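Below you'll find the structure, written out as structure tokens, and then a few comments.
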Amino acid sequence: MLSEADYSQWAHYKVTTTDQAGRKTVASTDQWGHTSSTIRPDGTTVKTAADVVAEAVAQGVLGADQEDAPLADARAVSVQDADSAARTTSARVVFADGTPAVGSTAQVGALG
């Protein structure tokens, strides 16, 4: 449950939230409001890249103290493609060397 939200860094597109146990999460957005990174309480960073033209979102988890590292440095990246109604049409996981994770690809048809 959210205990506190700190918007003092909003000019830098950052919001820090604290839960009741005192764990802090820092969310950063780009200038359009898309989440670009989230630093979790354990220090790991989730990087997110959105391609609004291709309607795709890629996410990867980086280790503690890697908040400034690019998404390309993640060991694995999940990619979700969507249609114009923002419904996920396919999802896959790809390792840093470009190898797809076995059994990690899914696609849906027009009817879901």
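What you see is a predicted model; the values in this text were computed from it and never measured.
Side-chain heavy-atom separations under 4.5 angstrom define the hydrophobic clusters, and the remaining members of the one that includes Ile39 are Val26. Members clustered with Val61: Val46, by chain and number, using a 4.5 Å side-chain heavy-atom cutoff among hydrophobic residues.
Qualifying side-chain contact (heavy atoms from CB on, under 4.5 Å) partners for Ala50, counting only residues two or more places apart in sequence or in other chains: Val57. With sequence neighbours excluded, no residue satisfies side-chain contact (heavy atoms from CB on, under 4.5 Å) with Ala96. Residues passing the salt bridge (charged side-chain N to carboxylate O under 4.0 Å, His left out) test with Asp83 are Arg87, sequence neighbours excluded. Residues meeting the side-chain hydrogen bond (donor to acceptor under 3.5 Å, both in side chains) test with Arg40, sequence neighbours left out: none. Applying the side-chain hydrogen bond (donor to acceptor under 3.5 Å, both in side chains) rule to Thr17 yields no partners; only residues at least two apart in sequence or on another chain are considered. Under the rule for a side-chain contact (heavy atoms from CB on, under 4.5 Å), the partners of Ala58 that lie at least two apart in sequence or sit in another chain are Leu71, Val77, Val79.
Looking at Asp81 and Arg92, a side-chain N of the basic residue comes within less than 4.0 Å of a carboxylate O on the acidic one, giving a salt bridge.
For residues 47-73, the side chain to side chain donor-acceptor pair (under 3.5 Å) pairs, not counting sequence neighbours, are Thr48-Gln59.
Remark: the backbone N or O of Ser28 is paired with a side-chain donor or acceptor of Ser36 at under 3.5 angstrom.
The two residues Asp42 and Ala64 come nearest to each other via the heavy atoms O-CB, 4.4 Å. Between Phe95 and Ala76, the shortest heavy-atom contact is CD2-CB, 3.9 Å. Shown here for Thr38 and Thr25, the closest heavy-atom pair between the two residues is CG2-CG2, 3.5 Å.
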